[in-house]
Amino acid sequence: MGSPGSEIFNEFTKLCKGLALILVGVHIVVQLIPSSLTYFALIPARTIPFGWNLITAGYIEQSIQGLVVSTLGLLFMGKLLEPVWGSKEFLKFIFVANFLTSVCVFITAIALYGVTRQENYLYMPLSGFHGVLAGFLVGIKQMVPDQELPRLKIKAKWLPSLMLLFSIAISFFTPESATYLSTLIFGTYMGWIYLRYLQRKPESKHRGDPNEDFAFSTFFPEFLRPIIDLIASKFHRNLCGKSEAFIDTLGYSLGSAPLPGSDPIEASRIREKGARALEERLAAESLIAAGKKSEELQINGTTNV
């Protein structure tokens with residue numbers, strides 16, 4: 001009979017366990033060879049000659065606390081997202097979200113140096129998987145928005161917003177906030193950009209999720225949404241205006257037929273699939289817990305006899 005720890009570990013997907021081992025292995029290498037951080041972490045002043053750090057920085061955890069959070073987040077969120085997205089799409093999301101987040105963090109650091117002239121923005125080593133984890137939260141928001149978390153009574157659609165609100169509040173009291181805050185903000189935004197406009201649907205081969213329930217304004221309270229929608233609509237036209245105009249010329253206008261990926265039935269099907277996957281995993285976990293409890297009762301009864 002396997003131990004409880006091994007049973008829990010077996011529930012995670014092979015891909016997530018492999019990625020978790022990579023995070024652990026890279027952390028060990030950085031601890032044994034500290035100079036490697038210079039070449040593989042995101043140091044804005046060195047990014048021009050060492051451009052690969054825009055990719056590698058996201059997989060380097062400098063602290064044991066960050067390693068634990070990233071590993072657990074990858075395993076638990078990955079076992080929900082990967083079965084629905086598929087392994088290939090799951091890996092693609094990680095790569096794209098990590099790279100785009102690093103690019104945005106690099107540009108922000110250069111801009112902050114230009115404004116403040118503080119060289120720590122140029123030479124501070126930035127790294128960590130938390131940008132991708134923030135993107136995972138957006139994926140959960142998209143998949144099961146109305147699913148309540150056990151015990152917390154918080155709907156999944158508020159997880160990214162609450163995470164960012166908490167991180168921003170903490171940043172006022174911690175000087176280390178510069179090492180993680182921009183990554184969390186851009187990880188959330190790039191995760192949304194990818195899922196909103198770029199992710200390919202395996203069922204229809206369309207891209208993105210134009211459902212109103214996944215609009216950018218849904219990250220904000222109700223009273224702010226009209227203002228956010230007004231601003232976001234301008235960015236939407238810049239991102240999608242040309243492609244939608246081209247589609248209109250082919251006869252697929254909004255008045256005649258839905259744009260690719262805009263079918264609400266398709267969007268609801270994805271949400272139902274995600275909700276079903278979550279319910280199945282919760283049911284399996286409850287069965288495992290019930291089985292363990294019955295085994296303990298039997299063992300205790302035998303011992304008492």
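By convention here, the first residue in the shown sequence is residue 1.
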Could you tell me whether a side-chain N or O of Ser70 sits under 3.5 Å from a main-chain N or O of Leu67, the two making a donor and an acceptor? no

Output yes when a side-chain donor or acceptor of Thr218 lies under 3.5 Å from a complementary backbone atom of Ala215, and no otherwise. yes

If only atom types and distance count, is the side chain of Trp192 paired as donor or acceptor with the main-chain N or O of Phe214 below 3.5 Å? yes

Thr13 (side chain) donor-acceptor with Lys79 (main chain) under 3.5 angstrom: no

Those residues that, when tested against Ser63, pass side-chain contact (heavy atoms from CB on, under 4.5 Å) (two or more places apart): Gln65

What side chain to side chain donor-acceptor pair (under 3.5 Å) pairs are there with at least one residue in residues 117-133, not counting sequence neighbours? Gln62-Ser127

So does Gly131 get a backbone contact from the side chain of Thr183, meaning a donor-acceptor N/O pair under 3.5 Å? no

Do side-chain atoms of Asn98 reach the backbone of Ile55 as a donor and acceptor pair under 3.5 angstrom? yes

Please confirm whether the backbone N or O of Gly208 pairs with a side-chain atom of Arg196, one donor and one acceptor, at under 3.5 Å? no

With a 3.5 Å distance limit and no angle check, can you tell me whether Glu61 reaches the backbone of Phe129 through a side-chain donor-acceptor pair? yes

Checking Lys141 against Phe219: charged group under 6.0 Å from the ring centre and within 45 degrees of the axis? yes

Would you give me the side-chain donor-acceptor pairs under 3.5 Å for residues 43-50, sequence neighbours excluded?
from, atom 1, to, atom 2, distance (Å)
Thr47, OG1, Ile43, O, 3.1
Thr47, OG1, Asn53, OD1, 3.4

Under 3.5 Å: donor-acceptor pair, side chain of Ser217, backbone of Arg225: no

Test item: Arg207 side-chain N/O and Leu198 main-chain N/O as donor-acceptor pair under 3.5 Å: yes

I'd like to know whether the aromatic ring centres of Tyr189 and Phe216 sit less than 6.0 Å apart in this structure. yes

Could you state whether Leu32 and Val24 fall into the same hydrophobic cluster, counting links through intermediate Ile, Leu, Val, Met, Phe, Trp or Tyr residues with side-chain heavy atoms under 4.5 angstrom apart? yes

